[in-house]
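Chain A is the first sequence line, chain B the second, and so forth, proteins listed ahead of strands; every chain is numbered from 1. All values below were derived from every heavy atom in this structure, side-chain atoms included, with hydrogens, water molecules and symmetry-related copies excluded.
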Amino acid sequence: MNVFLTSIFVIVSVITLVGALGVVMARTVFASGLWLILSFAGVAGLYVLLEAPFLAAAQILIYVGAVAVLILFAVMLTRRVMGDPGVSQNNSQWGAAAVVAALMFIVLSLTSVQNWRPSTESPPLLAVNALGEAFLGPYLLPFEIVSVVLLVALVGAIILARE
Amino acid sequence: MSFAQYAFLVPLFPLLAFVVIVLLTNRSKRLSSNIAIGAMILSGILSYLIFFQAIGEGSEHVLAAAHAGEAPWSMMWDWAPVGLSTIQVGTYLDPLSIIMIVMVTTVGLMIFWYSQGYMNIQDAAHTDPLYARFFAYLSLFAAGMLGYVISPNLVQAIVFWEVMGLCSFLLIGFWFGKKTGVYRNGRWVAEGDANSNAAKKAFLTTRVGDVGFFLGIIALGAVAGTTNYSEVFTMGTLDRLKETFIGFGTPTFAFGGMEIPAVGIAIPALTVISLLLFMGAVGKSAQFPLHVWLPDAMAGPTPVSAMIHAATMVAAGVFLIARMYPVFAAASEASHGVNPLNVVAAIGLFTALFAATIGIAQNDIKRILAFSTISQLGFMVAAIGSGAWVAGVFHMLTHAFFKALLFLGSGSVIHGMEHLHMSHDSPGHADSPQEHGSELPHAPDHRATPSLVVDANAAAPVWAVRSVANPDDPQDIWNMGGLRHKMPITFWTYLMGTLALTGIPIWAGFWSKDEILAHTYETHQTFVWIVLTLTAGLTAFYMARQLILVFFGQPRTAMAREAKESPWTMTMPLVVLAIAATLVGLLGIPDRIGNFVFGSWFHHWIALVPTTGLGPEAVIEAEAPTEMNFLVAGLSVLTALVGWALGYWVYGRRQFTATERDPLARVRFAWNTLQNGYYMDALYRNTFIRGSVALSNGLARFDQRIIDGIVNGVARITVAVSAVGRWIDTYIVDGFVNGVGVVTEEYGRIMRLIQTGFVQNYLLVVFVSILVLSGIYLALR
Amino acid sequence: MVESVPLGAYLVVAAALFAIGLYGALARRHAIAILMGVELMLNAVNVNLVAFWRYLSPANMSGQVFATFIIALAAAEAAIGLALFIAIYRSRDTVSVEEVNLMKW
């Protein structure tokens, strides 16, 4: 039991959850976007703690660097209507939504907390190498398909957003 | 190469001509008639080739074939399988049918040729509007007749027989639109449709005989198993049929060793078959009870009368008796009760005399010839019935030529008489030649023959009314006179035909008629001989009357004065037929005097047809050619000369006027009786026609009151039941259906509120569902 | 490391993240906010995948591979979603999903 690591985990988790709460509680969408960046960063920290540095890097690059910026751009493009602070950002069913979310958390937690028996193995020394071999080995087909999906999404997005 | 193999082409050419004219060349008149004539020429050439080849092959071949039980030149094809046997079609050529095809094609060709002129092809304004159709019908008729005479069995025969009947109907009614009139109260009033009525009458009257014919065929097929001549005529089949009886009722059957006798009647099959077949001949050949259609059939165009109702079709009945003679002979030989040949002879004899007497009192030139035809057909039937088979057939042959000649001559006379009207026709008449149905441009009322109008509904026989001469009738011999100068070719050819018909030596009729008389005399059928001789005298009398009133003296009307000789297309056939009518008798000059030309060629040839049946034991030449009997011949010539002399004495000594009464009409009762044909039409009208109308009315009343009552009652019950059904339907079934609909609709009205269109709402539902499922999972874990 | 933090802790954090994202997706009016909620849920799933990989089968790279795929698909989804919102915004002048209710009865 390493107190240092445990405390780092707690800090990172709190950052993540606070960021997430900020996303759903913020009074403006723009603020939500900023809170989202914080939450994404927290998740990246979790990846580091889980000894997945490649994913942590990807999280930072893609989510924080790309998706969040994209979202902020979109927010700014559409802010004329929804951007006014003071208007409720929540819809009429927010109470029911809160209840459902809470119940969902309880159910998921109940199933999560059980006697897991962790493996004694340690991850490969060069995990990135192993990951690359996995992509180009057993997961080659999904890998290629995902790339096609990305391309299609790219083209589709351009077509949809075009004037 | 045997031309007989191609005999099936003989009827096929005219049939093709018919098809081609109807389908293709209907518009072109001259082309149509040329096609018809061309087809007849082809058929004629083929017939003559067959004829000469058959003669060349000689009698040995024919005899051998007869002993082998078949026709000398016969071909059969399967047509329709019926039960265990098969109906066949084909050709059956023996001396009889070969003579027939030669005769039919020759006479037919002459008549086709003549018809061009008669239908005014040379004069476009007066050409018959249905000229092409006329030739189509004629061709179809020729195909029917040719197919009939070469039929190898009765089934094929009746098919062509009915084709002829159809053509007869179509051609009698050819001018179906023509309104005829009658002269009443000094006025010419429209009366009715003589042509279509005559056509219907002919068709229905012959139908009566055809029913018998058809039943006869069925009976023969049933008891003999086939109607093929070559099989029926074998001695074996005939001997078997002699002892066959057609039974009605229960057959005998054994029951516990006990023989239960038959209940019912058994009639000798051959007798029944013979009499039924003879019924067909009676209808077709216009013998006594069914003769009434033939005089009315003269309403048709004259070439039709010549072709169908004088030369060929009416001979079909005689031909049928001649062809089926082995059956008749076998039936007579078996002598179960009635002797069919005696019936045939009796009917023929009666008809010959009966029609000859009527012929005396007719005024219409074609009607005289019509009754003469009936009389002569009676001659043939009587001849065959009395055993003079060869002579009867010979008379059929010669009669075809001279009667065709006479009819065509009468047509030429009528044509000449119409010249006056034709030239006075307003041009507007020819403007719309297609309007055939309403008004006939070519043959307007003046060609009407009022004495032919037979209307079943008329109170009195209209055609009998000739109290006043109709001055416009071109067919009334009282309107003629002196035509020998106006129409010399017609006169001379007509004279030839008359001489042939009346039995003056040298001319054809003499030889054939004399042979019949000689046969009856030699075989001691004295009564038959006397009656036929008498008939010959009557024939001479009425023909002399006709000839004198038409051609001699001075013209009695303007029409006769204006008469012109007919065009060459009409006179040339007359000349050809006149030569034939003069010379064709030489084929059958008896051996005793005729050896110097052909010998008794016709006898030796036609007698090769076995009259007792085919087969090894068949007796060929059972009837040796009857020798010339100078007593008989002299008596018949004498009778004929007496007839001529009487005719001259009554009609030839002074000039009559058109409106004058016939000298013989002084015997008023007898004259009226004869002129009205012994009131046979009236009799039929008052019995059969009125009877069937009354029966129909009665049945109609029965139908209306009782059958309709039942039907209406059923309908009313149905309506009542339906009303109940409708109530159930409306309130229960519909209520249920509507209920389902209403429930569904209300349910939908409520349930659609779920569809908020608010996406997050749906997502919420999804997660609520997941929670529920998870809760269940957790609770059950 | 494995001894310092139990697997359940990561799972509970991921569950909380998921629940928060779900609340965002269900309760926010702004379409882009909804999209953010969905992104949070996807991240929660990724955390789960990586945690399971690390604790249960570190030798097998499947967990990370799937996490990578999800990141890629999330990016694609974000691009498409934002393009859709911009298109809707252009035609209807709003990005509130409450007002985009063409599917209503």
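Considering A:Val14, A:Thr16, A:Leu21, A:Ile15 as possible partners of A:Val18, the one that fulfils the side-chain contact (heavy atoms from CB on, under 4.5 Å) test is A:Val14.
Side chain to side chain, C:Tyr10 and A:Ser13 fail the donor-acceptor criterion of an N or O pair below 3.5 Å.
Per-residue heavy-atom pair counts under 4.5 Å with chain A were compared for C:Ala16, C:Ala87, C:Ala14, C:Ala67, and the maximum is reached by C:Ala16. Of the listed residues C:Val65, C:Leu56, C:Asn46, C:Val12, the one with more heavy-atom pairs under 4.5 angstrom with chain A than any other is C:Val65. Between chain C and the residues A:Leu36, A:Val152, A:Leu55, A:Ile71, the most heavy-atom pairs under 4.5 angstrom are made by A:Leu55. When each of C:Leu22, C:Asn60, C:Thr68 is scored by its heavy-atom pairs under 4.5 Å with chain A, the top score falls to C:Thr68. Listed options C:Gly24, C:Ala78, C:Ala15, C:Ala33 were ranked by heavy-atom pairs under 4.5 angstrom with chain A; first place goes to C:Ala15. The choice from C:Val47, C:Ile86, C:Asn48 that makes the most heavy-atom pairs within less than 4.5 Å of chain A is C:Val47. Comparing C:Ser62, C:Ala74, C:Ala75, C:Gly37 by how many heavy-atom pairs each has under 4.5 Å with chain A, the most go to C:Ser62.
When heavy atoms are compared at a cutoff of 4.5 Å, C:Leu73 approaches chain A solely by way of its side chain, counted from C-beta outward. Interface residue A:Phe105: backbone and side-chain heavy atoms are both found under 4.5 Å from chain C. Contact of C:Leu82 with chain A is made through the side chain alone, with heavy-atom distances under 4.5 Å. Both the backbone and the side chain of A:Leu17 come within contact range of chain C, with heavy atoms under 4.5 Å apart. With a 4.5 angstrom heavy-atom cutoff, A:Pro142 touches chain C via backbone and side-chain atoms both. Both the backbone and the side chain of A:Ala130 come within contact range of chain C, judged by heavy atoms closer than 4.5 Å. Heavy-atom distances place no part of A:Phe4 under 4.5 Å from chain C, backbone and side chain included. If you measure heavy-atom distances from A:Phe73 to chain C, you find no contacts under 4.5 Å at all. Neither the backbone nor the side chain of A:Thr120 comes within contact range of chain C; no heavy atoms are under 4.5 Å apart.
A donor-acceptor pair is defined here as one N or O able to donate and one able to accept, closer than 3.5 Å; such a pair exists between the side chain of A:Ser32 and the backbone of A:Val23.
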